[in-house]
Amino acid sequence: MMKQELMTIMEHSTVAKDTYMLVIQGESVAPPIDPGQFVHVLVSRDFFLRRPLSIADVNFANGTLTLLYKELGKGTQALSLKQVGETLDVLGPGGQGFPVESLNIEKALLVGGGIGVPPLYYLAKQLTDKGVAVESVLGFQTKEDVFYEEHFRALGEVRVMTNDGSRGDKGFVTDGLPEGEEAFDMYFSCGPAVMLKAVSDQLASYPGYISIEERMGCGIGACFACVVPADSGKGYKKICRDGPVFRPEEVIL
Amino acid sequence: MMKQELMTIMEHSTVAKDTYMLVIQGESVAPPIDPGQFVHVLVSRDFFLRRPLSIADVNFANGTLTLLYKELGKGTQALSLKQVGETLDVLGPGGQGFPVESLNIEKALLVGGGIGVPPLYYLAKQLTDKGVAVESVLGFQTKEDVFYEEHFRALGEVRVMTNDGSRGDKGFVTDGLPEGEEAFDMYFSCGPAVMLKAVSDQLASYPGYISIEERMGCGIGACFACVVPADSGKGYKKICRDGPVFRPEEVIL
Amino acid sequence: MNTLAVKLPGLDLKNPVMPASGCFGFGREYSEFYQLSELGAIMIKAATVEQRYGNPTPRVAETASGMLNAIGLQNPGVDQIVGEELPFLNQYDVPIVANVAGSTVEDYAQVTEKLTASNRVSALELNISCPNVKEGGVQFGTDPDLAYNVTQITKQHTHLPVYVKLSPNVTDITAMARAVEAAGADGLSMINTLTGMKMDLHKREPLIANQTGGLSGPAIKPVAIRMIHEVYRSVKIPIIGMGGIESTEDILEFMLAGASAVAVGSANFKNPYICPQLIKELPATLHEHGWSSVHEVIGGAHRENNQSSVSRA
Amino acid sequence: MNTLAVKLPGLDLKNPVMPASGCFGFGREYSEFYQLSELGAIMIKAATVEQRYGNPTPRVAETASGMLNAIGLQNPGVDQIVGEELPFLNQYDVPIVANVAGSTVEDYAQVTEKLTASNRVSALELNISCPNVKEGGVQFGTDPDLAYNVTQITKQHTHLPVYVKLSPNVTDITAMARAVEAAGADGLSMINTLTGMKMDLHKREPLIANQTGGLSGPAIKPVAIRMIHEVYRSVKIPIIGMGGIESTEDILEFMLAGASAVAVGSANFKNPYICPQLIKELPATLHEHGWSSVHEVIGGAHRENNQSSVSRA
Ligand SMILES: Cc1cc2nc3c(=O)[nH]c(=O)nc-3n(C[C@H](O)[C@H](O)[C@H](O)COP(=O)(O)OP(=O)(O)OC[C@H]3O[C@@H](n4cnc5c(N)ncnc54)[C@H](O)[C@@H]3O)c2cc1C
Ligand SMILES: Cc1cc2nc3c(=O)[nH]c(=O)nc-3n(C[C@H](O)[C@H](O)[C@H](O)COP(=O)(O)OP(=O)(O)OC[C@H]3O[C@@H](n4cnc5c(N)ncnc54)[C@H](O)[C@@H]3O)c2cc1C
Ligand SMILES: Cc1cc2nc3c(=O)[nH]c(=O)nc-3n(C[C@H](O)[C@H](O)[C@H](O)COP(=O)(O)O)c2cc1C
Ligand SMILES: Cc1cc2nc3c(=O)[nH]c(=O)nc-3n(C[C@H](O)[C@H](O)[C@H](O)COP(=O)(O)O)c2cc1C
Ligand code: FES
Ligand code: FES
């Protein structure tokens, strides 16, 4: 159930260049919360629109959500100045996440780019909890941008790609995808639209799920701001409500 | 010299119902600062216009100004939430104050109403420093609104008037003005326009100075927002630049 | 007299607060947050003859105290609205105002007929002011003759009261208001969004894919209040006011200017509970300012000079 | 090529930033804060034939991300401006743009002649868009024929370049722009304020004594950028852009849309140092976004489709 709540900031720290980990506590943190779902955050009264941020981890016992975000504009910059103990106006959790419960697979490939990496962490945890083996390919611009590499490594194999090769291998995530038959049963990807397009094209022979980004108004499905074309262009899906997670064949990137 | 400065809040406390004393420190606090001058305060980035507040006291040794303000709208409400140690964007000191230096008088009458009282306190201090005897008539709505009565009493005779008689005498300040020849040499008044009009009419036979309020834009004389008619209506004065202190005969209330 | 109730053509409002068209979809999402029957009415998203996909994304951008949108009238088409959305909304005890849009006068007539025949809405809101569609819509909203025409023809196709939604992107809003009043409009709703643009400095082009978008939010509130104040003096039909409403004080400002009821648009995105919250707080704010019912507020700023003897609520 | 310099008709600007008319008086007050010669130019307060007192107070009100003003063209009259204000400003090495206002075409002609004869200003800005005076001013700004007329007659009374200041309170801003271009305008300055209103809930009437006022500040920035973008495609004369500018990013947005230079208005009230601060920060912001001079930015959002071969700076 979606709620609006003033959640309390429990932790707030830097995990990479301009990249922060934020742990917030509140009553909205109750099962079920699926990986890939997001919260819609009102940073302060200075802002008119909320900002969508993926849920990167959940701790039901403590009632906390972990968010991982990059400072990209005014909103995320103002967010980065918030102190532990302050509250944050959060609407969520929203959207349809990755379907972990219903899956019947043995090996999963996770492909994340930049700020698309966060939702994959909670996904990786859920999958390994379920006994699914997880391999991750994580792409970043340069070594200063890399975050959560060790967190993913604790859950399975990890390949890091950087544009300049300053960490891991040089190249895009699409250069680092595993090859060979049966390397995995299903893939899960999140990142910029161009990356999702390239990944889903290259992995067209596998079943998969991708998580899409778009600028949002309401964040709950009422305003039609965040649509993506579907059904060979005749229909549409609302990213905030029907997504952000889709099967690549459901939408037109 | 007028300056824009981020001043530091040194003290902030309640002195009456919805009325606060704010002590701010900064480099702009250098002589000369005349009583009746004001500072133009940007409460926070949430606001587009600054708020004019009178200088109620000055301590050059500590580099501090004292402001006394009443919570009346959104700006003063947001100001009241500011904590000691925070900074405040202050433009000032501005305007022409009461002319203490040049005066040659023995007895002064101070007439203040509500949030018109603050500038009279620094004036009273300056006058008594100069050896001028000071008598004050201070008007408030009710007893909860009364502030700085003791401060004024330390400098001379004080008569408090309240609309409902809940403290001091019942009535308006005009009901409490001293009578009889030679009761004082000159009067100084600050308060709402209706009060200033009544006071200057009643005291028409005395020389005096009044301090006028108006909504301001720039606060420095550039925008023509804060004018008051002068010269039998043909001319005008800018309250922020030529005032806020005027001789009653200079302006048309 | 009831503190909050307002009676307008076709609309028996328990309170004067309703969500604005396009900012509330067809109510489903917000029904998960609160009981829709708490609302004065619901103005649903525009209906066109056929399903419309709307504009490419990005469709929204944040601006100072507001936002731009260029949704482009995306909607599932009037048939699906009548068949699926209205039955859902009719579960709740709340009047529905259906927003009618199109590219031609015939479109308006057809949508009007279908909505009327459904017997599921209390009033129509004629959207002649959507700045985000290339053809139609906006011309109707900026030319008094075209506005007259589309209003008159719509009226011929329905027995329902018709509220015409005015665009603020005009030199003389009173000319528009007078034209649609003369054509038989039962009321006005105003204002729609101001056309605006924001640049994306990285892409070096307009941020919104449609280039321009409609500006809404508190930024436009002074324009809305000015126009309502002007129009109140020019016509006798009641006005539903909107444009940047976020607080009960805002509601009173709109009503003083001349609005009989108000709609809350983009503020729903910030705070999904805003409508019921405003409804709950309104009586206290009224009393605080010395009023005992919303009736006393409507048009209050005109009281001294206002010759009109019509009661608009 | 110089990073910030821009050459416009009559204006050799060392940088593209100038204070907007009415928000800087005649420069005296701001000269106490910084060297006026740091500015690209100065647009001084409107001049009329006679001294004007203007509107009653209150004349200003705060709104969301903006303000309303209804000063009403208060000024000491063109003779005193020529005799006392311009000599003061001429001490500084900075071009002066004089803002010309009036109630009749003859007024405009007379003020124009006196300012031209003074040899103390570099260009004229024709204020045909002040929404805060009852007669004149605003009609010229909303009717293309009247605007043509007043521009043409002004041009006949001066050899100075004439920039016509456009009002945003119109249905079609491009019609206004084309009309004044056809009449011989050398440039445009846009936008003036949007007409707005705010209610005083205690007094139950408009807060501004004049009832309506002009809305300025970041609230109107999207409208200004949209109109500049539209007008850039419709005319060949250069545009000085304004409306809510507070940051160097704002300046680049205006320039991408088509402004060759910009003016900063009400932001001066918030921060008296804003103009020199923006000028100082502009090179870094340019470079950060991959530009090496302001020339490269002007009209950049039109680059792909733009047929115009005229350089506007
Ligand atoms: C479903 C979803 C999940 C996301 N999860 C994360 C995450 O876990 N971590 C993270 O760092 N970022 C995430 N993003 C992107 C994040 O929302 C943007 O980086 C953020 O909104 C930028 O805000 P800003 O104020 O800093 O930027 P500004 O450019 O100042 O923002 C202006 C407006 O544009 C919107 N906007 C700007 N960029 C984006 C974008 N890429 N996507 C959507 N809206 C945008 C903002 O929300 C705001 O309304 C997610 C986006 C979506 C749609
Ligand atoms: C020269 C001068 C000295 C002043 N000294 C003091 C003082 O020492 N203590 C004190 O409590 N008040 C003083 N005032 C009044 C004070 O400026 C207002 O009470 C304050 O601006 C209200 O701001 P607000 O945001 O709370 O109200 P809002 O109504 O939310 O303010 C909205 C806008 O209106 C302006 N405004 C509202 N009321 C007034 C007013 N009475 N005068 C001028 N502008 C107003 C605000 O500055 C702001 O721009 C002084 C005013 C002037 C002109
Ligand atoms: C995302 C969005 C979509 C809108 N869609 C419509 C619409 O379909 N029909 C309509 O008449 N108005 C539409 N509007 C305009 C609003 O109903 C309202 O008139 C405007 O936003 C001003 O109110 P506000 O400032 O409270 O948002 C839309 C506004 C927004 C923000
Ligand atoms: C207080 C005030 C006075 C103004 N006076 C004039 C004027 O005399 N002549 C004029 O052409 N524009 C005048 N303007 C309009 C500004 O020059 C400018 O066009 C407008 O404010 C938009 O810019 P901004 O948002 O940066 O303030 C005035 C604006 C304000 C706020
Ligand atoms: S953001 Fe409103 S529908 Fe998705
Ligand atoms: S406030 Fe601008 S002149 Fe006084």
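The chains referred to below are lettered A, B, ... by the order of the sequence lines, with proteins before strands, and numbering in each begins at 1.
Of the two parts of C:E246, neither the backbone nor the side chain holds a non-hydrogen atom closer than 4.5 Å to a non-hydrogen atom of chain D. Heavy atoms of C:L68 lying under 4.5 Å from chain D belong exclusively to its side chain.
C:H289 NE2 to D:L201 CG: the interatomic distance, rounded to the nearest 0.5 Å, is 4.5 Å. Annotation: the span from D:L215 atom CG to C:R226 atom CZ amounts to 10.0 Å, rounded to 0.5 Å. Here the straight-line distance linking atom CZ of C:R303 with atom CD of D:E205 works out to 13.0 Å at 0.5 Å rounding. Note that the CD1 atom of D:I173 and the OG1 atom of C:T195 stand 12.0 Å from one another [nearest 0.5 Å]. Remark: D:E253 CD to C:L207 CG distance equals 8.5 Å, nearest 0.5 Å. With rounding to the nearest 0.5 Å, the separation of CG in C:L252 from CZ in D:R204 is 9.5 Å.
At least one side-chain heavy atom of D:H229 sits under 4.5 Å from a side-chain heavy atom of C:Q211.
Between D:T171 and the options C:D172, C:T171, C:T142, a side-chain hydrogen bond (donor to acceptor under 3.5 Å, both in side chains) holds for only C:T171.
Contact count against chain D (heavy-atom pairs under 4.5 Å) is highest for C:P222 among C:A224, C:P222, C:G196.
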